[in-house]
Amino acid sequence: MKLDFLGDLRRTHHCGALRASDEGSRALLMGWVHRRRDLGGLIFLHLRDIQGITQVVFRAEMDSEIHARAEQIRGEFVVAVEGHVEKRSAETINPNLPTGEVELVADKVWILNESKPAPFPMEDDLSVGEEVRLKHRYIDLRRHRMQANIRMRSAVSYAVRQSLYQQGFQEIETPFMTRSTPEGARDFVIPSRLTPGSFYALPQSPQIFKQLLMVGGYERYFQIVRCFRDEDLRADRQPEFTQIDLEMSFVQQSDVFAVIESMLSKAFAAAGVDLAPPFPRITYRQAMDSYGIDKPDTRIPPFHRVEALFDGTPISGNGLPMVAILIPKVGQVSRKERDELKAFGQEKKLRVFDDPKRLERDFPEQMAQVRTLTGATEDDLLLLANWAAEPDEHLPEREVLKACGQLRLFAAQKYADRHKLLDPKQFHFLWVVDFPMFEWDPEEHRWVAAHHPFTSVHDEDLDLLTTDPANCRAKSYDIVLNGVELGSGSIRIHRADVQQKVFAALGFTAEDAQHRFGFLLEGLSYGAPPHGGIALGLDRMVMILAGESSIRDVIAFPKTARGTDLMCEAPSDVPDRLLRDLGIMHTRR
RNA sequence: GGGGACGUAGUUCAGUUGGUUAGAACGCCUGCCUGUCACGCAGGAGGCCGCGGGUUCGAGCCCCGUCGUCCCCGCCA
């Protein structure tokens, strides 16, 4: 097909712009043909660009040459159309389009490019397999849903930058080609040609660099930065993902919270959501006691510990926690549903008491108190649960609470459409503070850093580092949104001597620590200021704002669950010559 | 590393107990059509049933393997 040149043509309006008030004016639109309806003497096009859709009409009586040209147009062709704006008659108004009161009556048309038929329909409401969407991602990105998501992401990023600049932050880049720092996620590595046998690593986060920027005196750093982790993928995990990363000097936790609350208010406002900071704060211990999880979804109520009430009864759980779970407004629960709840509990080694009536008969006094405690009414689902197995040797209480937390979430999700509490348009933020400094690793049989080894401990817990690691609290915090861990940060260790102690508590020898983090220790020894910071997952944040359930839907070019890019077919072979230069041999399977 | 779901036309799917020539809708192509907006009407093209092997007189369907996509556990300081 003969194509037309763009030349000096310039659009006068976007496709979402024209209204009844533009009646009579000339307009030149450019865009993609969203849909075409050829009635013979009349041809309608829905012309689409980033701003919207406008109906264009070609009338045969106007110019047969133009009409013949218009007949050649197909879906997804790129065209320019010039004409005058006409108000539609009342019965031809399309209420589904913002521009539906008008149409462009074309008297000129340019076909700027043709298109093969699209590999899948452009309509949002038609489901298309992800495989084919990812293979032709550029087509998928044209669809309204993806354009809305990607534009929201851009708006959110812009608001984040604006807010942080206003709050005195500098945006500073840190290297992508850096040093592997074991412990943590698996690193992606890059072979070095100039130092054969050695590798750079892609950063899992700019953690150490941002701390060294504090040593460098920048005081307030931020970066919207890609991070890389070579671990298995999930709906909310990609091998490369984007963090809003920041670090501040001479601050305490509350200063970091204030910065983030202000930033998030701006970011969510950019997506049309009003937030009301400050966000609630609970300690890790409270979170475990009330929700059995360190990232509680506070859209549904907490559970209540009731083991004290049932102490001495036949159903007391030998001192381990017993909880009362309340899911409001569930209504009647069938026998089958109760069995499912019980079965789920059993899988988690819980004994589930699903029949409050029976409990009320056997333990009337205790249950009266449970009712008062939970405020449960007849319409609510009330479950009691305790441990059905042998106590675990290590932290048995936490084990039980975790299982109860899973039961609570399972029940809430099961009845989500009844209680309407898990509304994706509600945004419940929560700070979780005072995480434990260490977690026991049963496989390696040692304490590992719960957050990361640069996290400082509570001033009054400093001695517990060596005497009682299990109860040593860190100055670390997570920000949680609707049960999703959005971000995580801490006040860092700024003294080399304390940092050495923590490395020792983690079982690093002095040589180990020196080998892995020597440059950080060295940096801390040259007047490092007290500092702290946080990193927030931008992908997850936009995912929740956009109401999506996978971060792939808010990333322009994401990878599949096996870490491949179906569009450009990465990863791929590289020429043998390149491998020779790099001094690399590998075994092919 | 483990568990689960799925794989049939460009797309979304159906396909009976293993039995003739594998279907539908949308999309695509051709023709007709001056008020459509999921346009309509008539006609047409389009299939390595993911791939390989096996069972069987006969496999889209059963079995084994393999590849791919998605979800979950482990993992993700």
Side-chain angles (χ1 to χ4, degrees), chain A residues 34-48 53-62 67 71 74-76 86 88-97 99-100 103 105 115-123 125-136 139-140 181-187 203-205 207-208 227-239 241 347-348 406 435 437-439 441-444 447-455 474 476 485 488 490 502-503 506 508 516-517 535 537 549-550 552 558-564 566 569 589:
Chain A
H34 191 64
R35 193 173 279 286
R36 125 196 113 97
R37 289 175 295 280
D38 184 348
L39 277 61
L42 270 185
I43 299 172
F44 294 98
L45 300 182
H46 274 184
L47 196 64
R48 182 194 70 236
I53 289 178
T54 299
Q55 173 160 282
V56 176
V57 57
F58 291 90
R59 293 179 180 140
E61 74 258 16
M62 308 259 314
H67 206 77
E71 275 172 355
R74 293 292 180 273
E76 298 309 309
E86 266 187 24
R88 302 203 204 177
S89 64
E91 66 281 6
T92 60
I93 286 175
N94 184 345
N96 301 319
L97 287 181
T99 60
E103 62 195 5
V105 180
S115 171
K116 295 198 276 186
F120 47 85
M122 303 301 282
E123 276 74 13
D125 44 338
L126 296 175
S127 72
V128 178
E130 209 158 349
E131 204 169 345
V132 67
R133 285 177 58 201
L134 290 175
K135 171 126 178 79
H136 300 278
I139 305 287
D140 193 37
T181 51
E183 186 109 0
R186 198 176 291 117
D187 283 318
Q204 297 174 26
S205 92
Q207 180 62 35
I208 294 177
C227 301
F228 307 86
R229 295 178 190 175
D230 189 6
E231 295 294 341
D232 285 1
L233 286 74
R234 287 282 193 289
D236 62 351
R237 277 172 17 197
Q238 285 272 303
F241 60 99
E347 249 174 67
K348 307 288 171 193
Q406 289 172 337
F435 277 77
M437 185 70 186
F438 303 105
E439 267 167 13
D441 184 333
E443 278 176 23
E444 295 202 27
W447 293 99
V448 296
H451 184 51
H452 56 57
F454 321 117
T455 303
S476 73
E485 182 197 317
S488 158
S490 62
V502 169
F503 283 151
L506 289 169
F508 294 2
R516 293 176 181 184
F517 310 111
S549 50
S550 163
R552 291 188 300 275
K559 304 205 173 16
T560 68
R562 278 189 65 251
T564 62
L566 294 177
E569 297 182 319
R589 264 180 295 176

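Below, read A as the first sequence line, B as the second, and so on, with proteins coming before strands; counting in each chain starts at 1. No hydrogens, no waters, no symmetry mates; every other heavy atom, side chains included, goes into these values.
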The side chain of [X] is closest to which nucleotide in this list: [options]?
X: A:Thr92; options: B:C71, B:C29, B:G35; result: B:G35
X: A:Leu39; options: B:C39, B:U69, B:C75; result: B:C39
X: A:Leu42; options: B:C75, B:C70, B:G35; result: B:G35
X: A:Arg88; options: B:U34, B:C29, B:C37; result: B:C37

- Task: Check the angle between the aromatic planes of A:Phe503 and A:Phe508 and answer parallel, tilted or perpendicular using the 30° and 60° thresholds.
- Result: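 Ring orientation of A:Phe503 relative to A:Phe508: parallel.
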
- Using the ring of each side chain (for Trp, its six-membered ring), is A:His67 parallel, tilted or perpendicular to A:Phe58, with breaks at 30° and 60°?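 Perpendicular.
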
Within the 4.0 Å heavy-atom criterion, would you say [X] contacts the bases, only the backbone, or no part of the nucleic acid?
X: A:Ala450; value: sugar-phosphate
X: A:Arg552; value: sugar-phosphate
X: A:Glu439; value: nothing
X: A:Gln55; value: base
X: A:Leu566; value: sugar-phosphate
X: A:Glu103; value: base
X: A:Gly75; value: nothing

Once you apply the 3.5 Å cut-off to both distances, tell me the Watson-Crick or G-U wobble partner of [N], or none.
N: B:U34; answer: none
N: B:A45; answer: none
N: B:U56; answer: none
N: B:C6; answer: B:G68
N: B:A25; answer: B:U11

Which whole-number value in Å describes the distance from [X] [atom1] to [N] [atom2]?
X: A:Phe44; N: B:C33; atom1: CZ; atom2: P; result: 16 Å
X: A:Ile43; N: B:G40; atom1: CD1; atom2: C1'; result: 16 Å
X: A:Lys348; N: B:C73; atom1: NZ; atom2: C1'; result: 8 Å
X: A:Phe58; N: B:G35; atom1: CZ; atom2: P; result: 18 Å
X: A:Met122; N: B:A38; atom1: CE; atom2: C1'; result: 16 Å
X: A:Asp38; N: B:C29; atom1: CG; atom2: P; result: 11 Å
X: A:Gln238; N: B:C70; atom1: CD; atom2: P; result: 9 Å
X: A:Asn96; N: B:C39; atom1: CG; atom2: P; result: 12 Å

- Query: Are A:Val502 and A:Phe454 close enough, and set up right, to give a side chain to side chain contact (heavy atoms under 4.5 Å, CB included), and what steps lead you there?
  - Reply: CA-CA 8 Å; A:Val502 169; A:Phe454 321 117; over 6 Å; no

Roughly how many Å apart are [M] and [N], using the [atom1] atom of each and rounding to a whole number?
N: B:U21; M: B:C67; atom1: P; value: 34 Å
N: B:U69; M: B:C75; atom1: P; value: 24 Å
N: B:G27; M: B:G40; atom1: P; value: 8 Å
N: B:C57; M: B:A45; atom1: C1'; value: 35 Å
N: B:A59; M: B:U55; atom1: P; value: 11 Å
N: B:A14; M: B:G7; atom1: P; value: 7 Å
N: B:U8; M: B:C32; atom1: C1'; value: 34 Å
N: B:G4; M: B:G65; atom1: P; value: 12 Å

- Message: Looking at A:Glu130 and A:Arg552, is there a salt bridge between them, counting it only when a charged N and a carboxylate O are closer than 4.0 Å?
- Response: yes

So does [X] reach the base of [N] with its side chain, donor to acceptor, closer than 3.5 Å?
X: A:Arg237; N: B:C76; value: yes
X: A:Glu131; N: B:G50; value: no
X: A:Arg35; N: B:G27; value: no

Can you tell me if [X] touches the phosphate of [N], counting only side-chain N or O atoms and a distance under 4.0 Å to OP1 or OP2?
X: A:Thr564; N: B:U69; result: yes
X: A:Ser127; N: B:U12; result: no
X: A:Arg59; N: B:G35; result: no
X: A:Arg562; N: B:G68; result: yes
X: A:Arg36; N: B:U36; result: no
X: A:Arg37; N: B:U36; result: no

For the side chain of [X] and the backbone of [Y], is there at least one donor-acceptor N/O pair under 3.5 Å apart?
X: A:Thr99; Y: A:Ile53; value: yes
X: A:Gln238; Y: A:Leu233; value: no
X: A:Arg36; Y: A:Arg74; value: no
X: A:Glu76; Y: A:Lys116; value: no

- Could you say whether A:Ala561 or A:Gln207 is positioned toward the 5' end of RNA chain B, judged by the nucleotide with the nearest heavy atom to each? A:Ala561

- Is there aromatic stacking of A:Phe120 against B:U11, centre distance under 5.5 Å, plane angle under 30°? no

- Message: For A:Glu61, is the CD atom crowded, meaning more than 12 foreign heavy atoms sit under 6.0 Å from it?
- Response: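 Yes, because the 6.0 Å sphere around CD of A:Glu61 holds more than 12 heavy atoms from other groups.
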
